[in-house]
Peer 1: 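Right, I'll just put the structure down here and ask away after.
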Amino acid sequence: MANSANTNTVPKLYRSVIEDVINDVRDIFLDEGVDEQVLMELKTLMKVTGFWQLSYGEKGLSTAPQVIVPDSKLIQHMNASNMLLQVVRAANGAQYIIQPQQSVVLQQQVIPQMQPGGVQAPVIQQVLAPLPGGISPQTGVIIQPQQILFTGNKTQVIPTTVAAPTPAQAQITATGQQQPQAQPAQTQAPLVLQVDGSGDTSSEEDEDEEEDFDDDDDEEEDKEKDGAEDGQVEEEPLNSEDDVSDEEGQELFDTENVVVCQYDKLKDGIMNLNGRDYIFSKAIGDAEW
Amino acid sequence: MAYGLYRNTTLGNSLQESLDELIQSQQITPQLALQVLLQFDKAINSRLVQRVRNRANFRGSLNTYRFHDNVWTFVLNDVEFREVTELIKVDKVKIVACDGKNTKKHRRDFLKFILALQK
């Protein structure tokens with residue numbers, strides 16, 4: 001298996017791991033009195049969500065995966081809105097709503113969330129298909145967990161993190177219609193798959209902020225010591241600075257390619273680069289600081 | 001005790017997502033989910049060692065490095081990863097590495113081996 005292409009090795013490895021896990025936990029499930037059916041469901045879910053990500057990564061943005069996982073929470077709301085929607089939840093936590101061709105009665109809009117506090121989820125991309133216009137046949141809506149808003153005939157706000165809904169809606173109805181025009185060029189394919197939409201802009205910011213972060217590290221430690229002596233007044237602004245850098249860290253985390261492995265030599269690693277998964281038994285490299 | 005390092009991978013995340021759904025629909029208990037995750041850790045650790053035998057090379061510039069709780073975290077920029085078959089370029093990558101040599105399991109197994117030899 002040493003020289004086989006990575007694309008063959010990775011799914012095989014994943015499948016064997018899933019099989020192992022399912023078999024190993026079967027006894028545990030039975031001890032707990034859980035039905036075998038649940039075990040099978042777990043297996044299916046793992047395969048579905050895991051391999052969707054895998055196949056998406058391999059095929060790229062042009063083709064659309066056909067796997068659909070109904071999410072009971074969201075479908076409840078959608079059915080109430082007279083829509084037939086299906087939700088795919090990818091392994092990275094993003095949820096994709098696939099909208100069928102016809103039967104689009106409502107205008108749906110998703111508010112891009114750019115809260116100043118730095119929401120962990122990136123900006124939401126949204127594409128709509130109002131019925132009469134009949135624009136793009138199938139559109140996908142990318143929704144981060146807990147950020148869904150439906151406007152139109154029925155207004156339902158599912159999460160509570162939406163800030164200032166009314167003025168925001170007014171703005172978005174104006175901008176929202178411009179966006180579908182720009183976006184269909186990108187999303188001729190049935191699914192919109194731009195989870196990392198904000199990644200491009202934020203990385204530029206991150207670079208600048210990273211440098212500041214590194215430089216400020218030593219200064220902050222000194223300031224904290226002084227602050228402790230002087231009293232609590234200085235600690236609050238210091239703490240807020242800490243929060244800012246933490247959120248930057250989270251942004252970094254969300255948009256980065258990740259390698260997890262073991263050292264002393266970098267070994268037994270799983271990489272996720274540009275959306276694809278790679279595996280190695282040993283990695284060697286040079287990086288200059 | 002295998003590392004939970006691999007939980008934040010495509011497969012690990014899909015497992016956690018699936019378990020969360022089962023918990024929310026009350027088909028399993030959180031305790032059971034934890035057991036499953038621990039089993040996953042063992043499975044993926046051992047499978048990686050058994051099944052994977054390829055090397056990778058990389059080159060880039062080191063942006064940050066951190067060593068905390070015996071875990072290395074690097075952030076590299078403008079990196080090229082080289083597998084046998086392909087070349088992958090990324091603007092930014094985070095590498096998280098746990099200590100690969102002193103896991104308790106290694107010690108335990110090693111001790112067992114030595115004891116067995118002495119019999």
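Chain naming here is simple, since letters A, B, ... match the order of the sequence lines and numbering starts at 1 in each.
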Peer 1: So what's closer than 4.5 Å to chain B heavy atoms on A/Ile28: side chain, backbone, both or neither?
Peer 2: both
Peer 1: Do A/Asn257 side-chain atoms and B/Val90 backbone N/O form a donor-acceptor pair below 3.5 Å?
Peer 2: no
Peer 1: Not counting sequence neighbours, which residues clear salt bridge (Lys or Arg N to Asp or Glu O under 4.0 Å) with A/Asp286? List them please.
Peer 2: B/Arg59
Peer 1: Rounded to the nearest 0.5 Å, how far apart are CG of A/Leu273 and CD1 of B/Ile88?
Peer 2: 5.5 Å
Peer 1: Heavy-atom distance under 4.5 Å to chain A: side chain of B/Thr73, backbone, both or neither?
Peer 2: neither
Peer 1: Let me confirm one number: the CH2-SG distance from B/Trp72 to A/Cys261, rounded to the nearest 0.5 Å.
Peer 2: 12.5 Å
Peer 1: For a quick test of reading the model, state the closest non-hydrogen atom pair linking B/Glu21 to A/Leu45 and the distance between them.
Peer 2: OE1-CD2, 4.0 Å
Peer 1: Is B/Lys89 close to chain A through its backbone or its side chain, or both, or neither, when contacts mean heavy atoms under 4.5 Å?
Peer 2: backbone
Peer 1: Taking all heavy atoms of A/Tyr263 and all of B/Asn70, pick out the closest pair and write down the distance.
Peer 2: OH-O, 3.0 Å
Peer 1: Working to the nearest 0.5 angstrom, can you tell me the gap between B/Thr9 OG1 and A/Tyr14 OH?
Peer 2: 5.5 Å
Peer 1: Side chain from CB out, backbone as N, CA, C, O: work out which of these in A/Val34 comes under 4.5 Å of a heavy atom of chain B, or both, or neither.
Peer 2: side chain
Peer 1: Step by step, work out the side chain to side chain contact (heavy atoms under 4.5 Å, CB included) result for B/Arg51 and A/Lys12.
Peer 2: CA-CA 9 Å; B/Arg51 280 216 168 206; A/Lys12 275 187 193 165; 4.0 Å; yes
Peer 1: Can you tell me how far apart OG (A/Ser16) and CZ (B/Arg47) are? Round to the nearest 0.5 Å.
Peer 2: 4.0 Å
Peer 1: Mind listing the closest non-hydrogen atom pair of A/Phe280 and B/Ala56 along with its distance?
Peer 2: CB-CB, 4.0 Å
Peer 1: Would you call B/Tyr65 and A/Trp289 a side-chain contact if the rule is heavy atoms closer than 4.5 Å?
Peer 2: yes
Peer 1: With chain A as the partner, which of B/Ile44, B/Leu32, B/Leu19 has the greatest number of non-hydrogen pairs under 4.5 Å?
Peer 2: B/Leu32
Peer 1: I'd like to know whether A/Val25 forms a side chain to side chain contact (heavy atoms under 4.5 Å, CB included) with B/Phe40, so could you lay out the CA-CA distance, the side-chain angles of the two residues, the decisive distance to 0.1 Å, and finally the verdict.
Peer 2: CA-CA 9 Å; A/Val25 303; B/Phe40 167 79; over 6 Å; no
Peer 1: A/Val259 and B/Val96: side chain to side chain contact (heavy atoms under 4.5 Å, CB included), yes or no, with the steps?
Peer 2: CA-CA 6 Å; A/Val259 177; B/Val96 180; over 6 Å; no
Peer 1: I want to check something: taking the side chain as every heavy atom from C-beta on, are B/Gln16 and A/Met46 in contact at a cut-off of under 4.5 Å?
Peer 2: no
Peer 1: Can you name the one residue among B/Val49, B/Leu5, B/Val52, B/Asn45 that meets side chain to side chain contact (heavy atoms under 4.5 Å, CB included) with A/Asp268?
Peer 2: B/Val49
Peer 1: Around atom CZ of B/Arg7, are there more than 12 heavy atoms of other residues, nucleotides or ligands at under 6.0 Å?
Peer 2: yes
Peer 1: Run the numbers on A/Glu288 and B/Leu62 for side chain to side chain contact (heavy atoms under 4.5 Å, CB included), then give the verdict.
Peer 2: CA-CA 5 Å; A/Glu288 204 176 293; B/Leu62 185 62; over 6 Å; no
Peer 1: To the nearest 0.5 Å, how far apart are CG in A/Asn272 and OG1 in B/Thr10?
Peer 2: 4.5 Å
Peer 1: First locate atom CZ of B/Phe58, then atom CD1 of A/Ile284, and finally report the distance between them rounded to the nearest 0.5 Å.
Peer 2: 9.0 Å
Peer 1: What pairs meet the salt bridge (charged side-chain N to carboxylate O under 4.0 Å, His left out) rule with one or both residues in residues 34-46 of chain A, with sequence neighbours excluded?
Peer 2: A/Glu19-A/Lys43, A/Arg26-A/Glu36
Peer 1: What pair of heavy atoms forms the shortest contact from A/Ala287 to B/Ser61, and how long is it?
Peer 2: CB-C, 4.3 Å
Peer 1: Among A/Asp24, A/Asp20, A/Asn23, A/Asp27, exactly one meets side chain to side chain donor-acceptor pair (under 3.5 Å) together with B/Gln39. Which residue is that?
Peer 2: A/Asp24
